[in-house]
Amino acid sequence: MPETHPVDAISQRMDLAGIADGLRAASSFLITAHINPDGDAVGSMLAMAHFLRALGKTDIVCVNDDPVPSIYAWLPGAQDVLSSDVKPADLAPDAVILLDAGKKARVGRAAEWFPPTAPLFVLDHHLEEHPDGVRCFVDPSYSATGEILVDLFLTANVPIDKAAAECLYVAIATDTGGFRFSNTKPRTHRYAALLLEAGIDAAQISSRVFEVMSPEKFELLRRVLDRMQREADGRLAYTYITARDMTEVCAKVEDLDGIVNFARNIMGVEVGILFRETDPQTTKVSIRASAPFNAAAFLAAYGGGGHKAAAGATVHAPLNTVRADIIERTIKLLGEGK
Ligand SMILES: [Mn+2]
């Protein structure tokens with residue numbers, strides 16, 4: 001038995017040395033992350049594959065329900081991420097690694113690839129009291145799962161080469177909004193410095209990830225900005241996207257990333273909202289807010305969740321109905337100073 005370092009035997013939490021020991025003891029690996037993978041999910045999956053290869057492991061498969069978004073397709077190893085549609089016949093990992101999510105339910109159909117006998121490792125920075133793994137490192141003090149992985153490389157004394165550093169940098173930079181969000185801590189910058197020392201081109205990465213947009217996203221943005229409405233003396237801004245918009249401009253779900261921020265970024269706005277019709281009876285709501293408005297608490301009434309500053313919900317009602325209701329309630333709350 002490899003030596004492990006359990007921190008909490010009941011929830012099977014362990015420190016990163018324990019995680020590293022567990023990974024060293026296995027020989028074949030399945031790596032996955034949540035559906036609709038973002039930069040942290042993609043970067044962390046690929047960085048984990050680099051980490052395992054540095055340990056001398058060769059039998060490594062990355063899988064996700066959804067394709068790698070095109071802005072991350074240039075990352076080293078991105079072309080090897082399998083779609084969960086077709087499971088390789090000979091797949092028999094003796095360890096499964098779930099990144100940037102704590103629950104199997106977050107990985108969709110890829111969970112059908114998990115052999116029941118293989119231990120599940122979870123490395124995540126979302127608050128989750130009861131992660132599904134048998135070997136878990138879950139710590140919301142980290143800005144990104146990628147920041148946890150930098151710690152894993154350091155703990156295991158594995159050098160971070162340029163390819164791994166590119167994946168880790170994308171993971172951390174995207175989850176911190178380019179080191180601008182409040183989850184950016186001194187450690188975040190210290191680790192970013194280590195990644196720069198590995199020889200990455202941070203300016204080029206930032207351009208690819210934050211600046212370049214697909215022509216489809218640009219066309220979507222053109223419509224969204226044209227429809228932006230401001231209410232409550234400019235403290236609320238909202239806009240919407242219909243299912244027809246998505247079809248007409250040939251947009252993908254990944255093209256929606258960050259669009260809600262344009263509402264939030266108008267000077268004086270405390271609550272920015274994007275409504276998106278996914279079908280005639282379903283509306284997705286994204287809110288970006290500043291205190292004291294609590295976006296997660298507000299959307300909890302609609303079955304949604306997230307953080308105080310950023311939250312989302314899927315509401316089973318038509319766009320016009322959902323929009324009217326939420327705008328009315330938001331204006332009322334802003335009037336009450338909440
Ligand atoms: Mn993350």
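Each ligand, and each atom within it, is numbered from 1 in the order the structure gives. Just the heavy atoms: all of them, side chains too, but no hydrogens, waters or symmetry mates, feed the values below.
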Tell me whether Glu277 contacts the main-chain N or O of Thr282 through its side chain, where contact means a donor paired with an acceptor under 3.5 Å. no

Answer yes or no: is there a donor N or O on one side and an acceptor on the other, between the side chain of Asp65 and the main chain of Ala110, under 3.5 Å? yes

Hey, what's the ring geometry for Tyr169 with Phe179, parallel, tilted or perpendicular (30° and 60° as the breaks)?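 The arrangement is tilted - the two ring planes meet at 30° to 60°.
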
Enumerate donor-acceptor pairs with a distance under 3.5 Å from any side-chain N or O in residues 183-190 to protein atoms, sequence neighbours excluded.
{"unit_1": "Asn183", "atom_1": "ND2", "unit_2": "Ser143", "atom_2": "O", "d": "3.4"}
{"unit_1": "Asn183", "atom_1": "ND2", "unit_2": "Asp175", "atom_2": "O", "d": "3.1"}
{"unit_1": "Thr184", "atom_1": "OG1", "unit_2": "Phe181", "atom_2": "O", "d": "2.9"}
{"unit_1": "Arg187", "atom_1": "NE", "unit_2": "Glu147", "atom_2": "OE2", "d": "2.7"}
{"unit_1": "Arg187", "atom_1": "NH2", "unit_2": "Ser141", "atom_2": "O", "d": "3.1"}
{"unit_1": "Arg187", "atom_1": "NH2", "unit_2": "Ser141", "atom_2": "OG", "d": "3.2"}
{"unit_1": "Arg187", "atom_1": "NH2", "unit_2": "Glu147", "atom_2": "OE2", "d": "3.4"}
{"unit_1": "Thr188", "atom_1": "OG1", "unit_2": "Glu147", "atom_2": "OE1", "d": "3.0"}
{"unit_1": "Thr188", "atom_1": "OG1", "unit_2": "Lys185", "atom_2": "N", "d": "2.8"}
{"unit_1": "Thr188", "atom_1": "OG1", "unit_2": "Lys185", "atom_2": "O", "d": "3.1"}

Would you please name every residue forming a ring-ring contact (aromatic ring centres under 6.0 Å, His included) with Phe121, sequence neighbours left out?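 Here no residue qualifies.
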
If a pair satisfies ring-ring contact (aromatic ring centres under 6.0 Å, His included) and one of its residues is in residues 47-95, list it, with sequence neighbours excluded. Phe51-Phe153

Tell me the protein N, O or S atoms under 2.8 Å from the Mn ion (ligand 1), in chain and number order. Asp40 OD2, Asp100 OD1, His125 NE2, Asp175 OD2

